[in-house]
Every structure is written in C-alpha cells, then in structure tokens.
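Order of the sequence lines fixes the chain letters, A, B, ..., with proteins taken first and strands second; residue numbering starts at 1 for each chain. Reckoned from all heavy atoms, side chains included, excluding hydrogens, waters and symmetry mates.
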Amino acid sequence: MTPSKDPKGRLLLSGNEAIALSARHLGVALGTGYPGTPSTEILENFTAMGGKAQWAPNEKVAAEVALGAAFAKARVLVTMKHVGLNVAADTLFTMTYSGVQGGYVLVVADDPGMASSQNEQDSRNYAVAAGIPMFEPADSQDAYDLLRIAFETSECWQIPVLFRLTTRVCHSKSPVQPLAPWGEIPAEMSVPAPTFERNISSRVMMPAFAKPAHRRLRSKLAEIQVWNETEAPGLLEIPGSKSLGIIAAGICVHHAQDAAPEASVLKLGMTYPLPIERIRAFAAKVSTCVVVEENDPWLANMLHAEGIPVFAKNDAIYRFGELNVDRVRRIIAQDNSEEMPPPRGKPPELCPGCPHRSTFAALKELDCIISGDIGCYTLAALPPLAAMDMMIDMGASIGMGLGLRHVLPREQAKRVVSVIGDSTFLHSGLTGIVDMAYNVPETGHVVVILDNGTTAMTGQQEHPGTGRKLAGEFTHRVKYEEIARGVGIPNVMTINPVKEKERFKQAVADALAKDELTLIVAQSPCVLAVSRITAAEKERKVWEAEQTKCTLAQGGAQ
Amino acid sequence: MIVDTLNIRFAGLGGTGTIKASDVMADAAFRSGYEVKKAEVHGMSQRGGSVSSDVRFGTQVHSPMIPEKSCDFLVVLEDSQVAVVQGGLRPDGVLLASSAIDMAKLPSAKALNVAMLGLLSTYLDLPRENWDAALRANFAPKLHEANAQAFEIGRAARK
C-alpha cells in the first residue's frame with residue numbers, strides 16, 4: 001500500500017515508515033531485528049518496499065548478523081525495542097571498540113509510559129555506557145533525514161550509530177518530503193560492494209587488541225563531538241522569547257512548541273556526543289532555560305555536569321510516564337502539584353476464542369504456581385483468570401520456574417510450571433531448557449510452550465518455528481519437540497489445549513506427579529491468525545513436495 | 001480554510017476500526033493540503049481494550065497529541081467509551097457518538113467507522129473527492145461500494 005500524498009508531493013508517514021523509506025533510499029543492503037512494539041513496522045515496511053530484511057530469533061543475533069555484514073562493508077539496519085537492546089548489549093559494548101567498515105545503524109525504540117512494555121528504561125543511557133553516537137529524531141521528516149546522516153556518520157568514523165526513537169515518534173504520522181520515489185533506490189545512490197579484507201587486530205577483541213581499540217573509540221567520539229559542535233546535524237534553533245528557552249530532542253520538541261509557543265527552542269538532533277558549546281551559548285541567551293525530556297534526567301544531568309544552568313523537571317512526578325503538551329506546560333511552570341489521573345478505559349484482554357484461555361484455565365484448575373513470560377498470554381495474569389504468578393523478561397519463565405523448584409518445599413515445588421510462548425521460547429528459552437536438563441531439580445520440572453503459530457503480541461510476525469520468513473517465504477521449520485529431545489528432556493509431547501482439553505489437563509497433571517522433566521507443546525493457532533496460517537500450511541505442502549522432488553533429482557544426478 | 005489546528009479524537013475498543021477511521025481522516029485532510037499529524041498507541045490496546053487515535057490538522061501542527069480538553073470533535077465508535085473520553089472535549093466541542101447511526105441501515109456492522117466519518121464530514125470543509133480518495137486508499141477494493149454506502153448513511157445522520 002502506498003501512503004497518502006499531498007498536493008506538494010509529500011507523504012504522510014509514521015516514523016517507522018519514514019525510517020524504512022529512508023533506509024530503502026540509502027540502499028541499505030540488509031535489515032534485521034526482532035519484533036517489538038513500537039519498532040516492528042520498520043522492517044515490515046522496508047521489506048514491502050523491496051528491501052532485504054529478516055527477523056532474527058533475538059536482538060543479539062540480529063546485532064551480530066548485522067555486524068558481520070558491516071565488517072564486509074555493507075550498509076545495515078538493525079531494529080529492536082528498548083528491552084531488546086539489553087539482549088543485544090553484549091554485542092553493543094564491544095562492537096563500538098572494533099568499529100565497522102560498512103554503515104551500521106541500530107534503531108532502538110523506547111516506550112515511555114509503557115504502552116506495551118514491561119519497563120520504561122531509557123536507552124539514552126546506553127549511548128554513554130557503550131560509547132556509541134546517538135541521534136534522536138523528533139518526527140517522521142526528521143527521522144527520514146537523520147537516518148542518512150546517521151549512516152554517513154557511521155561510515156565516516158567507522159563506528160556503529162544508535163538511532164533512538166520513542167513510541168510517539170514511531171507511531172505518529174507526519175508529512176515527509178522524500179528524495180526519491182516510494183520504494184525505489186535512486187540511481188545515483190552508490191553503495192560499496194561487500195568484500196572481505198582481513199584486519200585481525202581491529203576485529204579480534206582479545207585484551208591485546210581491545211586496549212588500543214578502546215583508545216581508538218574515545219578518539220573517534222572526541223572527533224565526533226567537535227563535528228557535532230560545528231555541523232550540528234538535526235539541530236535547530238527556533239527563535240523566540242529571551243526570557244524562556246527550552247532544550248529538547250525527539251517528540252518533546254513538538255510538545256514544547258505547543259506548551260510554550262513564545263519560547264526560544266533548541267532542538268537537538270545528535271544527542272551523543274552532545275554539542276555542549278552550542279547548548280551553552282543557547283542557555284546564555286535566555287534568562288530561564290528548561291530541559292524537557294521524558295523518563296531519566298539524562299540530558300539535564302549531562303548539562304549540569306558541564307556547568308550549564310538549566311532547570312530540570314521534578315523527577316518525583318515527571319520521570320514516570322510519557323510527556324504530552326499539558327505535562328510539558330506544567331514542567332515549564334514548575335508546577336509540582338498532584339496530577340489528575342487519566343480516566344480508566346477498558347483494559348485489554350485475551351481475545352474471545354484465544355487458545356491461551358483453555359491452557360491457563362487448565363493450569364489454574366490444577367492449582368499450578370505459574371512462572372510466565374512475555375506475550376499476549378501475559379494477559380492471563382489479569383482477572384478472571386489470574387493465572388500467572390510472575391513475568392519479568394523474555395525467557396525468564398524457565399529460569400524462574402527452575403529457581404522456585406530448587407528451593408521450595410516439595411509440596412509447593414511440585415506445583416511449579418513454566419509457561420512460554422513459541423516466539424519467546426526461540427528468542428530466549430533455549431538456554432533455559434539446557435539449564436533444566438543440566439541442573440535438574442529434585443522434583444523435576446514442567447515447561448509448557450504455547451505454540452500459536454505466530455508472534456501474536458506484536459502483530460503476527462513470523463519466527464523460526466513457523467517455517468516462514470519475514471515476508472512469508474517458506475524455510476526450514478524449527479521443531480520444539482526435537483529441540484527438547486536433543487537437549488535431553490525425557491518426556492516431550494504436543495497436545496491441542498482447545499480440541500483436547502481433558503487430555504492436555506491430564507498430561508500436565510501426570511507431569512506434575514512425576515519427579516521428571518516434561519516439556520508440553522500446547523499447539524493451537526492464534527484466532528486472529530488462523531485463516532492466514534491455514535492457507536500458508538496448505539501452500540507449504542506443495543512447497544515441501546517440490547523440495548523433496550529437487551533433492552531426489554539432485555541425488556539421482558550424482 | 002481551517003486555520004490554526006483542528007483537533008479530532010477517535011475513540012473505541014480494539015477491533016472497532018478506530019485507528020482505521022483516524023487514518024482516513026488524516027489522509028483526507030492531507031490530500032486537501034493541510035499540515036497533518038496523527039498519534040496512536042499500538043500494542044496491548046489491540047486486545048479488545050480502549051483505543052484512541054488523535055488527528056490534528058490545520059496551517060501548523062506541533063505535537064501529534066491533542067492537549068487536555070482541546071478536542072474540537074470527539075468521534076466515539078463504541079458508546080461505552082463516551083464516559084472515558086468525553087473529558088477531552090473543549091467546552092464548545094462536538095461529540096459524535098455511534099448511537100447517531102442506525103446500525104440496521106449499514107451494509108455491515110464493520111462499516112460503522114466509515115459511517116461515523118460520513119457524519120464527521122458534514123462538519124468539516126474538506127472537498128468530497130478527497131474523502132472518497134482517502135476511503136479508497138485505506139480499504140481493499142471489495143469494500144469500496146459498501147463504504148460509499150456507509151459514508152452516505154453517516155452524512156444523512158446529521159441532525
């Protein structure tokens with residue numbers, strides 16, 4: 001679907017669509033990531049425009065695949081939500097040392113206010129901690145423009161670059177003047193052809209090579225800071241009153257312009273390393289200078305450390321939740337009175353006919369202690385089911401369940417079950433079951449994989465267990481039963497918790513009664529995806545038959 | 001000509017076509033030459049919970065989110081949500097609730113969002129061809145005829 005166009009030829013795009021279009025226009029060779037609200041639509045749109053993109057099993061693998069490609073001089077884009085960057089952090093902290101030879105932009109989407117996340121961590125902290133240059137676009141046009149500069153920065157200094165978004169930048173639509181037609185790579189765009197050149201000391205980060213690499217990183221950052229002071233990409237000084245100045249980046253720039261139309265505004269584009277002297281000069285021009293930022297006092301602390309006199313928001317109030325025009329107005333007025341809570345709407349719930357309903361009802365009837373995980377099924381924690389006792393991060397259901405089994409008195413330990421979604425299991429559950437098979441609790445353990453045939457939570461993305469790739473192409477299907485048996489779990493079975501309700505409940509009861517390890521795949525398609533999955537499975541049979549034929553033909557020729 | 005910024009909030013429950021309605025509204029305004037911004041939240045809200053989506057357009061738009069008590073129009077696709085969102089309306093703002101539409105006349109219950117857009121269109125000075133183009137651009141061809149019908153039913157519902 002092409003987006004709506006105005007009489008000036010501009011397109012009305014979400015931030016995610018603008019990034020996808022920019023990546024396409026920049027000739028990005030490979031996009032990879034893991035689905036996560038609010039970042040998911042970037043790679044989906046990039047693929048729909050003809051770009052090559054793929055879902056990785058998790059964010060760390062995505063960051064590593066992209067790193068290999070960037071070592072080979074390719075231009076790569078990696079996307080994830082904020083908590084995904086925790087998973088990829090191990091790669092992040094050392095790829096800034098090694099640097100890259102191609103352009104490497106890592107898009108991270110924060111979720112202030114937790115519209116669809118388990119925390120509201122502020123990814124800007126990663127820029128400082130890992131020493132990675134960072135851009136923060138304010139809207140779709142800014143995202144489209146800054147992505148190009150982010151790639152240029154990455155290629156010029158041979159360093160990965162962080163592109164930090166928030167929910168409102170990702171999902172708000174605003175006009176974009178594109179530099180080329182929708183989905184086309186401009187003819188003048190020349191990207192280097194990937195090739196391998198050996199450079200052991202820059203890419204093997206053992207201590208002898210990592211020590212000088214760390215120094216190289218700090219020199220690059222110092223140079224980039226000087227460049228940001230003079231070139232200041234994405235920086236905009238909006239003239240206004242001498243009495244009030246506002247410093248902001250990202251969506252806060254727009255809230256501030258509505259909240260205080262009279263103010264002078266310094267909009268930042270590249271926020272790490274900061275253009276400190278530009279900011280100092282701006283702050284000196286106004287009598288009161290306020291930093292407007294969501295979540296952590298990240299920018300305010302950086303400016304205070306540089307001795308720039310700015311007012312920060314009151315973090316007892318405004319650190320929590322996302323900002324909007326009214327809250328920014330209060331921050332500027334230093335109004336710290338109690339805020340009116342927003343009216344309570346209807347909370348989300350599991351869809352009617354959702355297979356998770358049957359699964360959790362059975363576990364509840366068996367009085368299980370349920371160690372849960374991330375996905376639609378987390379909604380089972382809410383009444384009336386109230387059938388999930390803990391949920392922290394991707395894959396944690398298995399580790400936490402094992403921990404409970406190891407320490408609880410026998411009669412309680414016997415009730416513990418770990419419940420994890422299919423995509424979540426492949427993302428971060430594999431090492432959990434390896435630990436289960438290695439450090440077996442005395443009472444055994446029971447893991448239930450909720451296989452609904454899709455990554456439902458983020459909008460039905462494919463994953464290695466569906467046997468289909470990002471754009472639906474068929475590929476090898478990873479099988480949960482084979483993994484579990486391969487790891488050494490003795491009792492492994494697949495049951496449909498909707499069609500075989502009693503059998504499922506009995507299987508869990510039997511597993512709980514034994515002092516052994518059991519893995520049950522509760523397999524029943526997502527109700528929202530069932531017709532799509534059924535159609536794809538029918539086509540798959542034809543594809544599989546073709547594959548067999550090809551193999552036979554090849555075998556015959558040998 | 002609509003000056004400054006006009007604020008329209010669409011509210012409903014996940015699955016009622018709330019976000020789709022706001023997409024069509026934003027598209028129609030954009031085709032008409034206005035500055036347009038639109039804000040919504042995906043994710044958990046898709047699972048049958050409360051959903052709202054803001055459209056702002058005019059000669060200049062800054063924040064994509066409508067400030068408190070500043071909605072010029074509130075389009076509510078599920079009557080149970082009126083109580084949740086009506087506080088967002090400005091004192092002289094217009095509340096358009098789904099009860100204004102006779103569901104029995106609609107080609108399908110799913111077309112309620114389009115009928116509500118028809119009703120809303122009677123208040124806004126946007127060229128009709130831009131509404132039609134926006135409706136066609138945002139729905140599959142097989143729905144175009146039913147949508148044209150629903151849009152007219154909405155327009156006729158203006159009292």
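S4(A) contributes atom OG, which lies 8.5 Å from atom CG of D23(B) (distance to the nearest 0.5 angstrom). Of the inter-residue distances, the one linking E40(B) atom CD with T167(A) atom OG1 reads 11.5 Å to the nearest 0.5 angstrom. Atoms OG and NZ, on S140(A) and K37(B) in that order, are 8.5 Å from each other to the nearest 0.5 Å. Between the OG atom in S174(A) and the CD atom in E35(B) there is a gap of 9.5 Å [rounded to 0.5 Å]. Here NZ of K5(A) is found 10.5 Å from CZ of F30(B). Values are rounded to the nearest 0.5 Å. Rounding to the nearest 0.5 Å gives a distance of 4.5 Å between NE2 of H62(B) and CD of Q257(A).
A donor-acceptor contact shorter than 3.5 Å is absent between the side chain of D6(A) and the backbone of G33(B). Using modelled atom types, one side-chain atom of S50(B) and one backbone atom of K346(A) make a donor-acceptor pair closer than 3.5 Å.
When each of H255(A), R329(A), K8(A), R344(A) is checked for heavy-atom pairs under 4.5 Å with chain B, H255(A) comes out on top. For the set N324(A), L11(A), D139(A), D111(A), the count of heavy-atom pairs under 4.5 angstrom toward chain B peaks at L11(A).
More than 12 heavy atoms of other residues, nucleotides or ligands shown are found within 6.0 angstrom of CD on E262(A).
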Exercise for the section: Start with the C-alpha distance between D27(B) and K173(A), add both sets of side-chain angles, then the distance that settles salt bridge (charged side-chain N to carboxylate O under 4.0 Å, His left out), and finish with yes or no. Expected result: CA-CA 10 Å; D27(B) 193 346; K173(A) 285 190 177 179; over 6 Å; no

Could you go through the side-chain contact (heavy atoms from CB on, under 4.5 Å) check for E68(B) and M340(A) one step at a time? CA-CA 11 Å; E68(B) 243 170 49; M340(A) 285 282 287; 6.0 Å; no

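Within the 4.5 Å cutoff, the side chain of I251(A) has heavy atoms near those of the P64(B) side chain. Put simply, the side chain of M65(B) reaches to within 4.5 Å of the side chain of E322(A), judged on heavy atoms.
Both the backbone and the side chain of P175(A) have a heavy atom closer than 4.5 Å to some heavy atom of chain B. The part of Q81(B) that comes within reach of chain A is its side chain, from C-beta onward, which places non-hydrogen atoms under 4.5 angstrom from that chain. Both the backbone and the side chain of D258(A) have a heavy atom closer than 4.5 Å to some heavy atom of chain B.
Contact record, A26(B) with L12(A): CB-CD2, 3.7 Å, taken as the closest heavy-atom pair.
Between R168(A) and D54(B) there is no salt bridge, since no side-chain N of the basic residue sits under 4.0 Å from a carboxylate O of the acidic one.
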